[in-house]
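Working notes for the structure below.
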Amino acid sequence: MKVLVTGGAGFIGSHIVDRLLQANMQVYILDNLSTGSIRNVNPGADFIKKDIRDKDLKKLFVRERFDYVIHEAAQTTVPKSLDNPYYDCDINVLGLVNVLEASRTAGVKRIVFASSAAIYGDTETFPIAEDCEKNPTSFYGESKLIGEHYLEKYYKNFDLEYIILRYANVYGERQSDSGEGGVISVFSKSILTNNPITVYGDGSQTRDFIYVKDVANANYEALLTASPNRSLNISTASETSVNKIITILSKITDQNPKIFYAAQRENDIKRSVLNNTAAINYLNWQPSYTLAEGLYLTLRDLSIKIAYRKNVVSVK
Ligand SMILES: NC(=O)c1ccc[n+]([C@@H]2O[C@H](COP(=O)([O-])OP(=O)(O)OC[C@H]3O[C@@H](n4cnc5c(N)ncnc54)[C@H](O)[C@@H]3O)[C@@H](O)[C@H]2O)c1
């Protein structure tokens with residue numbers, strides 16, 4: 001089975017690549033390395049340095065005849081989408097359309113698309129189910145929602161099968177500070193280097209934090225499911241406050257970090273938790289890492305990476 005992972009040099013994409021290679025699939029990565037890194041590229045995969053907006057994308061798809069495409073490449077941050085809506089739209093909408101056109105021309109069997117909880121925006125009903133009202137507050141949420149509509153239309157008009165995975169806040173090894181789930185990466189680095197932690201707001205805001213290997217497993221299962229053409233939340237369905245994250249990280253590292261509380265950020269929603277029943281029903285999947293396990297693995301990896309620094313806190 002030949003699978004192309006766009007954004008496969010990024011945080012989540014690189015874990016998906018690892019999972020597919022474990023299952024002995026033939027894996028290709030297409031990435032322009034704008035936020036990803038060559039260090040994340042698994043040597044077992046074929047790496048193609050290219051932009052998803054490249055006009056020659058079709059030629060590549062026709063030559064390689066991928067069976068499946070997992071589309072992770074994107075402009076991934078809310079603030080950037082507000083600073084530069086044109087750039088966000090160019091990558092997340094026009095880039096996706098370029099991938100969809102290449103896919104249908106080359107006879108790709110199915111595309112799996114990385115969507116986001118950001119498509120729901122501010123809502124009153126928790127946990128958020130897939131059919132809840134979509135009210136994105138940012139251009140990022142909007143561009144992901146438009147992307148979903150394109151996938152639905154490519155299926156209706158051209159029979160290109162799809163699975164949309166709406167990720168909650170993803171965390172784990174190789175995450176940079178800037179992404180959606182980046183708060184865990186930022187706090188972990190602060191604790192491991194004995195620096196204070198800055199919390200925006202009073203820390204009672206909640207998120208549904210899901211470990212990256214659970215997200216990679218969901219992508220793998222999305223290729224295999226006999227029940228495609230649907231949108232599924234990929235989440236733990238449990239709500240954790242930012243303060244609780246600090247408590248667990250402090251416990252694992254046996255540290256007592258200084259915490260500064262700053263003004264709440266504009267556009268920051270108070271609660272986020274996604275219902276995951278549909279994913280459990282339609283994929284052979286359920287989240288298998290507890291928050292404490294995922295945080296431990298994240299801290300351990302980070303502590304190794306920054307171990308050369310002085311005063312580093314080690315996680316055994
Ligand atoms: N991290 C989260 O918590 C989270 C939550 C919801 C959804 N998502 C979605 O998951 C996907 C992966 O996000 P991530 O956190 O791994 O981000 P990331 O920035 O680590 O990965 C994105 C990858 O896409 C590549 N890329 C960006 N623009 C490209 C282009 N024009 N052409 C080719 N490659 C390009 C980057 O170089 C990078 O390797 C994204 O679609 C993101 O919107 C992430």
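Atoms within a ligand are numbered from 1 in the order they appear, just like the ligands themselves. Keep in mind that this is a model prediction, so the values were computed, not measured.
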* Structure fact -> One finds that the ligand 1 atoms under 4.0 Å from a non-hydrogen atom of Lys50 are 32 (N), 33 (C)
* Asked: Is a side-chain donor or acceptor of Asp208 paired with a backbone partner of Thr236 at a separation under 3.5 angstrom?
  -> yes
* Asked: Can you tell which part of Leu33 has a heavy atom less than 4.0 Å from ligand 1: side chain, backbone, both or neither?
  -> backbone
* **Contact partition for Ala118 relative to ligand 1, non-hydrogen atoms under 4.0 Å** => neither
* Is a side-chain donor or acceptor of Glu130 paired with a backbone partner of Asn276 at a separation under 3.5 angstrom? -> no
* **Validation row, ring centre Tyr154 to ring centre Tyr162 under 6.0 Å** => no
* Asked: Is the cationic atom of Arg110 (NZ for Lys, CZ for Arg) positioned less than 6.0 Å from the six-membered ring centroid of Tyr68 and within 45 degrees of its normal?
  -> no
* Classify the angle between the aromatic ring planes of His15 and Phe11 as parallel (below 30°), tilted (30 to 60°) or perpendicular (above 60°). => perpendicular
* Indicate yes or no: does an N/O atom of Ser116 lie under 3.5 Å from an N/O atom of ligand 1? => no
* Asked: Does any N or O atom in Ser37 lie less than 3.5 angstrom from one in ligand 1, N or O only?
  -> no
* Asked: So, is Asp51 polar-close to ligand 1, with some N/O to N/O distance under 3.5 Å?
  -> yes
* **For Ala168, atoms of ligand 1 separated by under 4.0 Å from a heavy atom** => 3 (O), 5 (C), 6 (C)
* **Any N or O of Ile12 closer than 3.5 Å to N or O of ligand 1** => yes
* Taking distance alone, with no angle check, do Asn32 and ligand 1 share an N/O pair under 3.5 Å? -> yes
* How does Tyr140 reach ligand 1, if at all, at less than 4.0 Å between non-hydrogen atoms: by side chain, backbone, both, or neither? -> side chain
* Looking only at distances, please establish whether an N/O atom of ligand 1 is found under 3.5 Å from an N/O atom of Val170. => yes
* To do: Measure across Met25 and Leu21 and return the closest heavy-atom pair with its distance rounded to 0.1 Å.
  => O-CD2, 3.7 Å
* Polar atom proximity, Gly10 to ligand 1 (N or O, under 3.5 Å) -> yes
* Gln75 N/O to ligand 1 N/O under 3.5 Å -> no
* **Location of contacts on Arg166 toward ligand 1, heavy atoms closer than 4.0 Å** => neither
* To do: Apply side-chain contact (heavy atoms from CB on, under 4.5 Å) to Leu4 and Glu64, showing your working.
  => CA-CA 10 Å; Leu4 176 73; Glu64 296 295 344; over 6 Å; no
* CD1 on Ile52 to CD on Glu72, rounded to 0.5 Å -> 11.0 Å
* Structure fact -> Contact region, Ser176 to ligand 1, non-hydrogen atoms below 4.0 Å, reads neither
* Can you find an N/O atom of Thr35 closer than 3.5 Å to an N/O atom of ligand 1? -> yes
